[in-house]
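First comes the structure, then the notes that go with it.
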Amino acid sequence: MNCNTGAILVLSGPSGAGKSSLIKKIEEDIGAYYFSISTTTRAIRKGEVDGVDYHFVDKKNFEEDIDEENFLEYALVHGNYYGTSMKPVKKALKEKKLVIFDIDVQGHDEVQNRLGDITTSVFITTPTLKELKERLHLRGTDEDKIIQNRISMATKEVQRISEYDYLIVNDDLNEASQKLIQIAKAARMKMTSKTISNFVREWESVS
Ligand code: 5GP
């Protein structure tokens, strides 16, 4: 994908780590941004809205989109497909927006491979595994089997924190959101190799 403008901020971390609350809390402080609404085959949860939280589709639809190469990245998470559609991301990047993804470690890997030059990534987690378990049970949106699934995913995902630029331990929401605002601002200033080579060429041309 050839997008000379805009920047990407990838947020990953276990479900229950507070990514959604964090995004809501920082939205007025980070300038023009586009939050990428993923497409998923998982069942809609109570309180979720189609087209707002996700685009909820069936497996057949999702697989058609895979075949037509409509996804920037996609992954199987907890037995369901999740993917990021390419089109709105391209548009937002052209509009110089900060594009925010809430995707898993597999998705992050793919985005780094394809758009690493303009990508900044943050892993967000609870202070401990115990606290994650407590939050997932308190949330009350998932059955025990699904919670078990999420916990085992989380223990695998934390092993890959070193692949991220930053780690935010979401113990205190205010403190965590301040950190995320700083990271979001820095993400916009990330230099691509093209920007650097253009700058060096112009810098040298004025001697
Ligand atoms: P949940 O079912 O709790 O909404 O999300 C489960 C996991 O799927 C989370 O780790 C979330 O970051 C990840 N996820 C959501 N959307 C996408 C996506 O488009 N691509 C990938 N790779 N992961 C996603």
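Values below: all heavy atoms of this structure, side chains included; hydrogens, waters and symmetry mates excluded. All ligand and atom numbering here is 1-based and tracks the order in the structure.
An N or O contact shorter than 3.5 Å links S15 to ligand 1 by distance.
The aromatic rings of Y74 and Y81 sit perpendicular, their planes meeting at an angle over 60°, well past the 30° parallel limit. The aromatic rings of H108 and Y164 sit parallel to each other, their planes meeting at less than 30°, with 60° as the upper class boundary.
Annotation for ligand 1: atoms under 4.0 Å from non-hydrogen atoms of A75 are 22 (N). The atoms of ligand 1 that sit less than 4.0 Å from any heavy atom of G107 are 22 (N). Listed by atom number, the atoms of ligand 1 under 4.0 Å from R42 heavy atoms are 1 (P), 2 (O), 4 (O). Heavy-atom contacts of T84 reach the following atoms of ligand 1: 19 (O) (cutoff under 4.0 Å). Atoms of ligand 1 lying under 4.0 Å from at least one heavy atom of V77, given by number and element, are 7 (C), 8 (O).
Residue contact annotation: R45 has a non-hydrogen atom under 4.0 Å from ligand 1. Using a non-hydrogen distance threshold of 4.0 Å, R150 registers as a contact of ligand 1. At least one heavy atom of K19 sits less than 4.0 Å from an atom of ligand 1. Within the structure, the closest approach of G83 to ligand 1 falls below 4.0 Å when heavy atoms are considered.
Tested against K19, the residues D102, T125, N170 include a single side-chain hydrogen bond (donor to acceptor under 3.5 Å, both in side chains) partner, D102.
Comparing Y81, Y82, F71 by heavy-atom distance to atom 2 (O) of ligand 1, the nearest is Y82.
Distance check, rounded to the nearest 0.5 Å: CZ of R114 to CD1 of I8 gives 10.5 Å. I103 contributes atom CD1, which lies 10.0 Å from atom CD of Q106 (distance to the nearest 0.5 angstrom). Atom NZ of K133 sits about 5.5 Å away from atom CD1 of I151, to the nearest 0.5 Å. Between S36 atom OG and L9 atom CG the span is 12.0 Å, to the nearest 0.5 Å. In this structure, R42 CZ and Y82 OH are separated by 4.5 Å, a value rounded to the nearest 0.5 Å.
At a heavy-atom distance under 4.0 Å, atoms from both the backbone and the side chain of I103 approach ligand 1. Residue contacts with ligand 1 for E73 involve side-chain atoms from C-beta outward but no N, CA, C or O (heavy atoms, distance under 4.0 Å). Contacts between E157 and ligand 1, counted as non-hydrogen atom pairs separated by less than 4.0 Å, are absent for every part of the residue.
At the shortest separation from atom 22 (N) of ligand 1 among protein heavy atoms lies D104 OD1, 2.7 Å. Given atom 4 (O) of ligand 1, the protein heavy atom at minimum distance is Y54 OH, 2.5 Å. For atom 11 (C) of ligand 1, the closest heavy atom belonging to the protein is D102 OD1, 3.6 Å. The protein atom (non-hydrogen) at minimum distance from atom 16 (N) of ligand 1 is S38 OG, 3.1 Å.
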Before you tell me yes or no, could you show the steps for T84 and E73 under side chain to side chain donor-acceptor pair (under 3.5 Å), namely the whole-Å CA-CA distance, both residues' side-chain angles and the distance that decides it to 0.1 Å? CA-CA 6 Å; T84 306; E73 63 74 36; 2.5 Å; yes
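With no hydrogens or angles considered, a side-chain donor-acceptor pair links T195 and T192 at under 3.5 Å.
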Which donor-acceptor pairs under 3.5 Å do side chains of residues 200-207 form with protein atoms, sequence neighbours excluded?
from	atom 1	to	atom 2	distance (Å)
R201	NH2	N198	OD1	2.8
S205	OG	E202	O	2.7

